[in-house]
J.: 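One structure, pasted below without further comment.
Convention: sequence-line order gives letters A, B, ...; per-chain numbering from 1.
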Number of protein chains: 2
Amino acid sequence: MKRSENKSRYAILGMLTIAPMSGYDLKKFTEKSMNYFWNENYAWIYPTLKQLEQEGLVVSSQEKQEGRPDRHLYTLTEQGRAELRRWLNEPTVFHETPRNEHLLKMFFADQVPLSITIEQMRFWREALQNMLTSLEDLDRQASVVALEQKVPQGRPYRLLALSYGLHMGRAQLVWCEETIAKLEGLP
Amino acid sequence: MKRSENKSRYAILGMLTIAPMSGYDLKKFTEKSMNYFWNENYAWIYPTLKQLEQEGLVVSSQEKQEGRPDRHLYTLTEQGRAELRRWLNEPTVFHETPRNEHLLKMFFADQVPLSITIEQMRFWREALQNMLTSLEDLDRQASVVALEQKVPQGRPYRLLALSYGLHMGRAQLVWCEETIAKLEGLP
DNA sequence: ATTGGCATGTAAGAAGTTACATGATTAC
DNA sequence: GTAATCATGTAACTTCTTACATGCCAAT
(Lines give C-alpha, C1' and ligand atoms only; values in the text may rest on other atoms or scores of the structure.)
Protein backbone atom coordinates (compact mmCIF):
# COMPACT_ATOMS: atom_id res chain seq x y z
CA MET A 1 0.00 0.00 0.00
CA LYS A 2 1.54 3.24 -1.16
CA ARG A 3 0.89 6.77 0.09
CA SER A 4 -0.13 8.42 -3.16
CA GLU A 5 -3.74 9.39 -3.68
CA ASN A 6 -5.49 7.08 -1.27
CA LYS A 7 -8.62 8.98 -0.26
CA SER A 8 -9.47 6.63 2.59
CA ARG A 9 -6.51 8.10 4.46
CA TYR A 10 -8.22 11.46 4.66
CA ALA A 11 -11.62 10.05 5.42
CA ILE A 12 -10.09 8.22 8.38
CA LEU A 13 -8.07 11.20 9.58
CA GLY A 14 -11.21 13.29 9.30
CA MET A 15 -13.33 10.90 11.35
CA LEU A 16 -10.65 10.81 14.03
CA THR A 17 -11.05 14.58 14.50
CA ILE A 18 -14.49 13.78 15.90
CA ALA A 19 -13.28 11.21 18.42
CA PRO A 20 -10.73 8.43 18.84
CA MET A 21 -12.11 5.33 17.14
CA SER A 22 -11.34 1.72 16.35
CA GLY A 23 -11.43 0.24 12.86
CA TYR A 24 -14.82 -1.15 13.68
CA ASP A 25 -16.09 2.25 14.82
CA LEU A 26 -14.82 3.89 11.67
CA LYS A 27 -16.73 1.48 9.49
CA LYS A 28 -19.90 1.96 11.53
CA PHE A 29 -19.54 5.70 11.38
CA THR A 30 -19.29 5.76 7.59
CA GLU A 31 -22.31 3.48 7.36
CA LYS A 32 -24.40 5.58 9.66
CA SER A 33 -23.41 9.12 8.81
CA MET A 34 -21.59 9.20 5.49
CA ASN A 35 -23.15 6.44 3.44
CA TYR A 36 -24.75 8.84 0.97
CA PHE A 37 -21.39 10.07 -0.23
CA TRP A 38 -18.71 7.75 1.13
CA ASN A 39 -17.98 4.15 2.03
CA GLU A 40 -15.16 2.21 3.59
CA ASN A 41 -14.57 -1.43 4.22
CA TYR A 42 -12.56 -3.38 6.74
CA ALA A 43 -10.09 -4.81 4.28
CA TRP A 44 -9.04 -1.27 3.53
CA ILE A 45 -9.45 0.35 6.95
CA TYR A 46 -7.23 -1.98 8.96
CA PRO A 47 -4.16 -1.82 6.73
CA THR A 48 -4.62 1.93 6.31
CA LEU A 49 -4.69 2.45 10.08
CA LYS A 50 -1.41 0.55 10.41
CA GLN A 51 0.08 2.63 7.65
CA LEU A 52 -1.09 5.86 9.28
CA GLU A 53 0.40 4.75 12.58
CA GLN A 54 3.75 4.04 10.95
CA GLU A 55 3.69 7.51 9.51
CA GLY A 56 2.98 8.97 12.93
CA LEU A 57 -0.34 10.47 11.90
CA VAL A 58 -2.27 8.45 14.47
CA VAL A 59 -1.40 6.59 17.68
CA SER A 60 -3.12 3.47 18.95
CA SER A 61 -3.97 2.33 22.44
CA GLN A 62 -5.39 -0.98 23.50
CA GLU A 63 -8.60 -1.24 25.45
CA LYS A 64 -9.09 -4.58 27.21
CA GLN A 65 -12.59 -6.00 27.21
CA GLU A 66 -14.08 -9.03 28.95
CA GLY A 67 -14.99 -11.88 26.64
CA ARG A 68 -14.41 -9.78 23.55
CA PRO A 69 -11.46 -8.96 21.36
CA ASP A 70 -9.52 -5.92 22.52
CA ARG A 71 -10.43 -2.64 20.94
CA HIS A 72 -7.58 -0.83 19.23
CA LEU A 73 -8.40 2.79 19.67
CA TYR A 74 -6.73 5.21 17.29
CA THR A 75 -6.16 8.84 18.15
CA LEU A 76 -5.16 11.63 15.79
CA THR A 77 -1.75 13.20 16.37
CA GLU A 78 -0.83 16.80 15.64
CA GLN A 79 0.98 15.58 12.53
CA GLY A 80 -2.16 13.77 11.50
CA ARG A 81 -4.22 16.90 11.91
CA ALA A 82 -1.69 18.87 9.89
CA GLU A 83 -1.79 16.30 7.11
CA LEU A 84 -5.58 16.45 7.05
CA ARG A 85 -5.49 20.24 6.85
CA ARG A 86 -2.97 20.10 4.04
CA TRP A 87 -5.33 17.94 2.05
CA LEU A 88 -8.37 20.07 2.89
CA ASN A 89 -6.55 23.09 1.52
CA GLU A 90 -5.73 21.42 -1.77
CA PRO A 91 -8.01 22.19 -4.70
CA THR A 92 -10.22 19.26 -5.57
CA VAL A 93 -10.21 17.96 -9.12
CA PHE A 94 -13.68 17.55 -10.48
CA HIS A 95 -14.04 13.85 -11.09
CA GLU A 96 -17.10 12.82 -13.03
CA THR A 97 -17.08 9.05 -13.24
CA PRO A 98 -20.15 7.95 -11.34
CA ARG A 99 -20.93 4.73 -13.18
CA ASN A 100 -24.64 4.11 -12.97
CA GLU A 101 -25.72 0.63 -13.93
CA HIS A 102 -29.40 1.48 -13.88
CA LEU A 103 -28.87 4.18 -16.46
CA LEU A 104 -26.71 1.88 -18.54
CA LYS A 105 -29.64 -0.48 -18.77
CA MET A 106 -32.01 2.36 -19.58
CA PHE A 107 -29.67 3.49 -22.36
CA PHE A 108 -29.87 0.13 -24.11
CA ALA A 109 -33.43 -0.69 -23.15
CA ASP A 110 -34.57 -0.85 -26.79
CA GLN A 111 -33.16 -4.38 -26.79
CA VAL A 112 -35.76 -5.57 -24.33
CA PRO A 113 -39.57 -5.40 -23.87
CA LEU A 114 -40.97 -2.21 -22.37
CA SER A 115 -42.54 -4.12 -19.47
CA ILE A 116 -39.11 -5.23 -18.25
CA THR A 117 -37.85 -1.66 -18.20
CA ILE A 118 -40.89 -0.43 -16.30
CA GLU A 119 -40.42 -3.20 -13.74
CA GLN A 120 -36.78 -2.28 -13.28
CA MET A 121 -37.65 1.38 -12.86
CA ARG A 122 -40.18 0.54 -10.16
CA PHE A 123 -37.52 -1.45 -8.37
CA TRP A 124 -35.15 1.46 -8.54
CA ARG A 125 -37.79 3.86 -7.29
CA GLU A 126 -38.38 1.61 -4.32
CA ALA A 127 -34.70 1.60 -3.43
CA LEU A 128 -34.44 5.37 -3.85
CA GLN A 129 -37.48 5.89 -1.68
CA ASN A 130 -35.92 3.83 1.10
CA MET A 131 -32.63 5.64 0.86
CA LEU A 132 -34.34 9.02 0.95
CA THR A 133 -36.45 8.05 3.94
CA SER A 134 -33.43 7.01 5.95
CA LEU A 135 -31.67 10.23 4.97
CA GLU A 136 -34.65 12.23 6.15
CA ASP A 137 -34.55 10.38 9.45
CA LEU A 138 -30.88 11.23 9.79
CA ASP A 139 -31.68 14.85 9.02
CA ARG A 140 -34.39 15.02 11.66
CA GLN A 141 -32.04 13.56 14.26
CA ALA A 142 -29.26 15.93 13.30
CA SER A 143 -31.55 18.95 13.43
CA VAL A 144 -32.77 18.02 16.88
CA VAL A 145 -29.21 17.70 18.10
CA ALA A 146 -28.37 21.06 16.58
CA LEU A 147 -31.31 22.72 18.36
CA GLU A 148 -30.55 21.12 21.72
CA GLN A 149 -27.07 22.54 21.72
CA LYS A 150 -27.71 25.96 23.14
CA VAL A 151 -24.35 27.20 21.98
CA PRO A 152 -24.84 28.71 18.51
CA GLN A 153 -22.90 26.65 16.05
CA GLY A 154 -20.55 28.51 13.79
CA ARG A 155 -20.58 26.22 10.81
CA PRO A 156 -23.13 23.59 10.07
CA TYR A 157 -20.97 21.68 7.59
CA ARG A 158 -22.37 18.25 8.36
CA LEU A 159 -25.91 19.51 7.86
CA LEU A 160 -24.92 21.09 4.57
CA ALA A 161 -23.46 17.79 3.40
CA LEU A 162 -26.65 16.04 4.44
CA SER A 163 -28.61 18.59 2.50
CA TYR A 164 -26.67 17.57 -0.59
CA GLY A 165 -27.79 14.00 -0.08
CA LEU A 166 -31.38 15.14 0.29
CA HIS A 167 -31.26 17.29 -2.84
CA MET A 168 -29.83 14.44 -4.87
CA GLY A 169 -32.15 11.84 -3.45
CA ARG A 170 -35.20 13.97 -4.19
CA ALA A 171 -34.04 14.81 -7.69
CA GLN A 172 -33.48 11.16 -8.45
CA LEU A 173 -36.89 10.25 -7.16
CA VAL A 174 -38.56 13.01 -9.17
CA TRP A 175 -36.85 11.82 -12.33
CA CYS A 176 -37.74 8.24 -11.55
CA GLU A 177 -41.40 9.05 -11.14
CA GLU A 178 -41.53 11.23 -14.24
CA THR A 179 -39.86 8.49 -16.20
CA ILE A 180 -42.15 5.73 -14.99
CA ALA A 181 -45.13 7.89 -15.94
CA LYS A 182 -43.70 8.50 -19.41
CA LEU A 183 -42.96 4.83 -19.95
CA GLU A 184 -46.42 3.83 -18.83
CA GLY A 185 -47.87 6.27 -21.33
CA LEU A 186 -46.06 4.67 -24.25
CA PRO A 187 -47.94 2.45 -26.72
CA MET B 1 -9.37 -11.15 -16.95
CA LYS B 2 -12.31 -13.17 -15.75
CA ARG B 3 -15.91 -13.08 -16.93
CA SER B 4 -17.64 -12.46 -13.60
CA GLU B 5 -19.24 -9.09 -13.03
CA ASN B 6 -17.34 -6.92 -15.42
CA LYS B 7 -19.78 -4.15 -16.35
CA SER B 8 -17.70 -2.86 -19.22
CA ARG B 9 -18.64 -6.01 -21.13
CA TYR B 10 -22.25 -4.93 -21.23
CA ALA B 11 -21.50 -1.32 -21.98
CA ILE B 12 -19.47 -2.46 -24.99
CA LEU B 13 -22.05 -4.98 -26.17
CA GLY B 14 -24.67 -2.26 -25.83
CA MET B 15 -22.76 0.27 -27.87
CA LEU B 16 -22.22 -2.32 -30.59
CA THR B 17 -26.01 -2.60 -30.99
CA ILE B 18 -25.87 0.94 -32.37
CA ALA B 19 -23.17 0.25 -34.95
CA PRO B 20 -19.99 -1.75 -35.44
CA MET B 21 -17.17 0.15 -33.79
CA SER B 22 -13.46 0.04 -33.06
CA GLY B 23 -11.94 0.37 -29.60
CA TYR B 24 -11.22 3.96 -30.40
CA ASP B 25 -14.80 4.59 -31.46
CA LEU B 26 -16.13 3.01 -28.30
CA LYS B 27 -14.06 5.32 -26.14
CA LYS B 28 -15.14 8.37 -28.12
CA PHE B 29 -18.75 7.33 -27.91
CA THR B 30 -18.70 7.03 -24.12
CA GLU B 31 -16.99 10.40 -23.88
CA LYS B 32 -19.49 12.11 -26.11
CA SER B 33 -22.77 10.49 -25.22
CA MET B 34 -22.45 8.65 -21.94
CA ASN B 35 -19.99 10.67 -19.89
CA TYR B 36 -22.61 11.77 -17.38
CA PHE B 37 -23.17 8.21 -16.20
CA TRP B 38 -20.45 6.02 -17.64
CA ASN B 39 -16.80 5.97 -18.61
CA GLU B 40 -14.40 3.56 -20.24
CA ASN B 41 -10.72 3.68 -20.93
CA TYR B 42 -8.48 2.08 -23.52
CA ALA B 43 -6.58 -0.10 -21.09
CA TRP B 44 -9.85 -1.83 -20.33
CA ILE B 45 -11.59 -1.68 -23.69
CA TYR B 46 -8.95 -3.41 -25.79
CA PRO B 47 -8.50 -6.49 -23.58
CA THR B 48 -12.26 -6.73 -23.10
CA LEU B 49 -12.87 -6.70 -26.85
CA LYS B 50 -10.40 -9.58 -27.27
CA GLN B 51 -12.14 -11.46 -24.51
CA LEU B 52 -15.55 -10.88 -26.06
CA GLU B 53 -14.27 -12.12 -29.40
CA GLN B 54 -12.92 -15.30 -27.83
CA GLU B 55 -16.33 -15.88 -26.34
CA GLY B 56 -17.96 -15.41 -29.73
CA LEU B 57 -20.01 -12.41 -28.62
CA VAL B 58 -18.39 -10.11 -31.19
CA VAL B 59 -16.47 -10.61 -34.45
CA SER B 60 -13.75 -8.34 -35.74
CA SER B 61 -12.87 -7.26 -39.24
CA GLN B 62 -9.90 -5.24 -40.35
CA GLU B 63 -10.31 -2.01 -42.24
CA LYS B 64 -7.19 -0.93 -44.09
CA GLN B 65 -6.41 2.77 -44.07
CA GLU B 66 -3.76 4.80 -45.91
CA GLY B 67 -1.04 6.14 -43.66
CA ARG B 68 -2.91 5.21 -40.52
CA PRO B 69 -3.11 2.14 -38.37
CA ASP B 70 -5.79 -0.31 -39.43
CA ARG B 71 -9.14 -0.01 -37.75
CA HIS B 72 -10.34 -3.17 -36.03
CA LEU B 73 -14.07 -3.03 -36.41
CA TYR B 74 -16.09 -5.12 -33.99
CA THR B 75 -19.57 -6.33 -34.80
CA LEU B 76 -22.09 -7.84 -32.41
CA THR B 77 -23.02 -11.48 -33.03
CA GLU B 78 -26.38 -13.05 -32.25
CA GLN B 79 -24.81 -14.62 -29.18
CA GLY B 80 -23.56 -11.23 -28.14
CA ARG B 81 -27.03 -9.75 -28.46
CA ALA B 82 -28.46 -12.64 -26.47
CA GLU B 83 -25.91 -12.10 -23.70
CA LEU B 84 -26.73 -8.39 -23.59
CA ARG B 85 -30.44 -9.18 -23.34
CA ARG B 86 -29.79 -11.67 -20.58
CA TRP B 87 -28.06 -8.96 -18.59
CA LEU B 88 -30.72 -6.35 -19.35
CA ASN B 89 -33.34 -8.71 -17.97
CA GLU B 90 -31.49 -9.26 -14.72
CA PRO B 91 -32.61 -7.20 -11.76
CA THR B 92 -30.10 -4.49 -10.90
CA VAL B 93 -28.75 -4.34 -7.38
CA PHE B 94 -28.94 -0.87 -5.98
CA HIS B 95 -25.37 0.14 -5.43
CA GLU B 96 -24.87 3.35 -3.50
CA THR B 97 -21.14 3.96 -3.29
CA PRO B 98 -20.63 7.22 -5.14
CA ARG B 99 -17.58 8.54 -3.33
CA ASN B 100 -17.67 12.28 -3.49
CA GLU B 101 -14.43 13.97 -2.55
CA HIS B 102 -15.94 17.45 -2.53
CA LEU B 103 -18.45 16.38 0.09
CA LEU B 104 -15.76 14.63 2.10
CA LYS B 105 -13.96 17.95 2.36
CA MET B 106 -17.18 19.74 3.25
CA PHE B 107 -17.82 17.21 5.98
CA PHE B 108 -14.52 17.97 7.69
CA ALA B 109 -14.38 21.64 6.80
CA ASP B 110 -14.37 22.72 10.45
CA GLN B 111 -10.63 21.98 10.38
CA VAL B 112 -9.99 24.81 7.96
CA PRO B 113 -10.85 28.52 7.56
CA LEU B 114 -14.25 29.36 6.12
CA SER B 115 -12.72 31.28 3.22
CA ILE B 116 -11.03 28.12 1.92
CA THR B 117 -14.30 26.25 1.91
CA ILE B 118 -16.09 29.03 0.07
CA GLU B 119 -13.33 29.12 -2.53
CA GLN B 120 -13.58 25.38 -3.04
CA MET B 121 -17.34 25.57 -3.39
CA ARG B 122 -17.04 28.27 -6.06
CA PHE B 123 -14.64 26.05 -7.94
CA TRP B 124 -17.03 23.17 -7.76
CA ARG B 125 -19.93 25.36 -8.92
CA GLU B 126 -17.87 26.39 -11.93
CA ALA B 127 -17.20 22.77 -12.88
CA LEU B 128 -20.85 21.83 -12.39
CA GLN B 129 -21.96 24.76 -14.49
CA ASN B 130 -19.71 23.64 -17.34
CA MET B 131 -20.90 20.09 -17.14
CA LEU B 132 -24.51 21.16 -17.15
CA THR B 133 -24.00 23.46 -20.12
CA SER B 134 -22.47 20.70 -22.21
CA LEU B 135 -25.30 18.36 -21.21
CA GLU B 136 -27.83 20.95 -22.29
CA ASP B 137 -26.06 21.23 -25.63
CA LEU B 138 -26.24 17.49 -26.02
CA ASP B 139 -29.92 17.60 -25.19
CA ARG B 140 -30.64 20.28 -27.78
CA GLN B 141 -28.82 18.27 -30.44
CA ALA B 142 -30.63 15.10 -29.49
CA SER B 143 -34.02 16.80 -29.52
CA VAL B 144 -33.40 18.24 -32.96
CA VAL B 145 -32.48 14.80 -34.27
CA ALA B 146 -35.60 13.35 -32.69
CA LEU B 147 -37.79 15.98 -34.37
CA GLU B 148 -36.19 15.56 -37.77
CA GLN B 149 -37.01 11.91 -37.82
CA LYS B 150 -40.55 11.99 -39.13
CA VAL B 151 -41.17 8.43 -38.02
CA PRO B 152 -42.58 8.58 -34.51
CA GLN B 153 -40.13 6.97 -32.15
CA GLY B 154 -41.42 4.22 -29.97
CA ARG B 155 -39.12 4.63 -27.02
CA PRO B 156 -36.97 7.60 -26.25
CA TYR B 157 -34.67 5.79 -23.84
CA ARG B 158 -31.58 7.81 -24.64
CA LEU B 159 -33.44 11.06 -24.05
CA LEU B 160 -34.74 9.75 -20.76
CA ALA B 161 -31.22 8.89 -19.68
CA LEU B 162 -30.09 12.37 -20.67
CA SER B 163 -32.92 13.82 -18.69
CA TYR B 164 -31.52 12.03 -15.63
CA GLY B 165 -28.22 13.78 -16.18
CA LEU B 166 -29.99 17.13 -16.46
CA HIS B 167 -32.02 16.56 -13.30
CA MET B 168 -28.93 15.63 -11.33
CA GLY B 169 -26.82 18.41 -12.76
CA ARG B 170 -29.44 21.02 -11.93
CA ALA B 171 -29.99 19.67 -8.44
CA GLN B 172 -26.28 19.76 -7.75
CA LEU B 173 -26.04 23.31 -8.98
CA VAL B 174 -29.01 24.42 -6.91
CA TRP B 175 -27.47 22.90 -3.80
CA CYS B 176 -24.12 24.43 -4.62
CA GLU B 177 -25.60 27.90 -4.94
CA GLU B 178 -27.71 27.59 -1.82
CA THR B 179 -24.68 26.41 0.08
CA ILE B 180 -22.40 29.17 -1.12
CA ALA B 181 -25.05 31.71 -0.09
CA LYS B 182 -25.32 30.15 3.35
CA LEU B 183 -21.58 30.07 3.84
CA GLU B 184 -21.24 33.68 2.75
CA GLY B 185 -23.87 34.62 5.32
CA LEU B 186 -21.91 33.07 8.18
CA PRO B 187 -20.04 35.28 10.70
C1' DA C 1 7.33 23.68 -34.80
C1' DT C 2 3.84 21.88 -32.13
C1' DT C 3 -0.56 20.57 -30.70
C1' DG C 4 -4.43 17.55 -31.46
C1' DG C 5 -6.62 13.80 -33.63
C1' DC C 6 -6.39 9.10 -35.37
C1' DA C 7 -5.33 4.33 -33.87
C1' DT C 8 -3.79 0.15 -31.02
C1' DG C 9 -1.93 -1.75 -27.48
C1' DT C 10 0.89 -3.31 -22.74
C1' DA C 11 2.88 -3.11 -17.91
C1' DA C 12 2.57 -1.89 -13.56
C1' DG C 13 0.41 -0.36 -9.88
C1' DA C 14 -3.45 1.51 -7.10
C1' DA C 15 -7.90 0.89 -5.33
C1' DG C 16 -11.58 -1.68 -3.87
C1' DT C 17 -14.38 -6.11 -3.03
C1' DT C 18 -15.35 -10.81 -1.48
C1' DA C 19 -14.57 -14.52 0.98
C1' DC C 20 -12.51 -16.51 4.72
C1' DA C 21 -11.10 -17.22 9.70
C1' DT C 22 -12.24 -16.77 14.69
C1' DG C 23 -15.16 -16.51 18.71
C1' DA C 24 -17.89 -14.56 22.60
C1' DT C 25 -22.36 -12.09 23.79
C1' DT C 26 -26.95 -10.57 23.44
C1' DA C 27 -31.51 -10.33 21.77
C1' DC C 28 -35.55 -12.65 19.65
C1' DG D 1 -31.47 -22.28 18.20
C1' DT D 2 -30.44 -18.63 15.23
C1' DA D 3 -29.38 -14.27 13.93
C1' DA D 4 -27.14 -9.98 14.95
C1' DT D 5 -23.57 -7.34 17.05
C1' DC D 6 -19.00 -6.80 18.67
C1' DA D 7 -14.16 -7.05 17.03
C1' DT D 8 -9.83 -7.78 14.13
C1' DG D 9 -7.60 -9.23 10.53
C1' DT D 10 -5.67 -11.64 5.78
C1' DA D 11 -5.57 -13.62 0.96
C1' DA D 12 -7.04 -13.58 -3.31
C1' DC D 13 -9.07 -11.38 -6.64
C1' DT D 14 -11.25 -7.93 -9.67
C1' DT D 15 -11.44 -3.59 -11.36
C1' DC D 16 -9.61 0.64 -12.83
C1' DT D 17 -5.99 4.18 -13.76
C1' DT D 18 -1.55 5.99 -15.24
C1' DA D 19 2.18 5.85 -17.79
C1' DC D 20 4.46 4.20 -21.57
C1' DA D 21 5.31 2.92 -26.61
C1' DT D 22 4.59 3.96 -31.60
C1' DG D 23 3.73 6.81 -35.65
C1' DC D 24 1.32 9.37 -39.37
C1' DC D 25 -1.70 13.39 -40.72
C1' DA D 26 -3.92 17.89 -40.46
C1' DA D 27 -4.34 22.18 -38.77
C1' DT D 28 -2.51 26.47 -36.40
J.: Under 3.5 Å, side chain of B:Lys105 to main-chain N/O of A:Trp87, donor-acceptor pair present?
T.: yes

J.: Does A:Ser22 make a side-chain N or O approach to OP1 or OP2 of D:dT8 shorter than 4.0 Å?
T.: yes

J.: With heavy atoms under 4.0 Å as the rule, sort B:Asp25 into base, sugar-phosphate or nothing.
T.: nothing

J.: For the pair made of NZ in A:Lys27 and C1' in D:dG9, what is the distance, rounded to whole Å?
T.: 14 Å

J.: For B:Tyr42 and C:dC6, what is the distance between atoms OH and P respectively, to the nearest whole Å?
T.: 8 Å

J.: Of all the nucleotides listed (D:dG9, D:dC16, C:dG16), which has the minimum atom distance to the side chain of B:Ser8?
T.: D:dC16

J.: Using whole Å, report how far CD1 of A:Ile45 lies from C1' of D:dT8.
T.: 11 Å

J.: Taking the side chain of B:Tyr46 as heavy atoms from C-beta outward, which of D:dA7, D:dT17, C:dA7 is closest to it?
T.: C:dA7

J.: Round to the nearest Å and state the distance from B:Asn6 atom CG to D:dC16 atom C1'.
T.: 10 Å

J.: Are the charged groups of B:Glu119 and B:Arg122 less than 4.0 angstrom apart, N to O?
T.: no

J.: Roughly, in whole Å, what's the span from CD in B:Gln62 to C1' in C:dG9?
T.: 13 Å

J.: So, is A:Lys50 near the phosphate of D:dT10, with a side-chain N or O under 4.0 Å from OP1 or OP2?
T.: yes

J.: Between A:Asn39 and B:Gly23, which residue's closest nucleotide on DNA chain C lies nearer the 5′ terminus?
T.: B:Gly23

J.: Which heavy atom of B:Lys32 sits nearest a heavy atom of B:Leu138, and at what distance?
T.: O-CD1, 3.4 Å

J.: Below 4.0 angstrom from OP1 or OP2 of D:dT15, is there any side-chain N or O of B:Asn41?
T.: no

J.: Using only side-chain N and O atoms of B:Tyr24, determine if any of them is under 4.0 Å from OP1 or OP2 of C:dT8.
T.: no

J.: Measure the distance from CG on B:Leu73 to C1' on C:dA7 and round it to the nearest whole Å.
T.: 12 Å

J.: Does atom CZ (A:Phe123) have a neighbourhood of more than 12 heavy atoms from anything else shown, all under 6.0 Å?
T.: no

J.: Please state how far atom NZ in B:Lys28 lies from atom P in C:dT8, giving the value in whole angstrom units.
T.: 11 Å

J.: A:His72 has a side chain; which of C:dA7, D:dT8, C:dT10 sits nearest to it?
T.: D:dT8

J.: Look at the aromatic rings of A:Phe94 and B:His102 and report parallel, tilted or perpendicular, splitting at 30° and 60°.
T.: tilted

J.: Can you measure A:Leu49 atom CG to D:dA7 atom P for me and round it to whole angstrom units?
T.: 15 Å

J.: Can you see if the side chain of A:Arg99 gets near the phosphate of D:dT15 - specifically, an N or O under 4.0 Å from OP1 or OP2?
T.: no

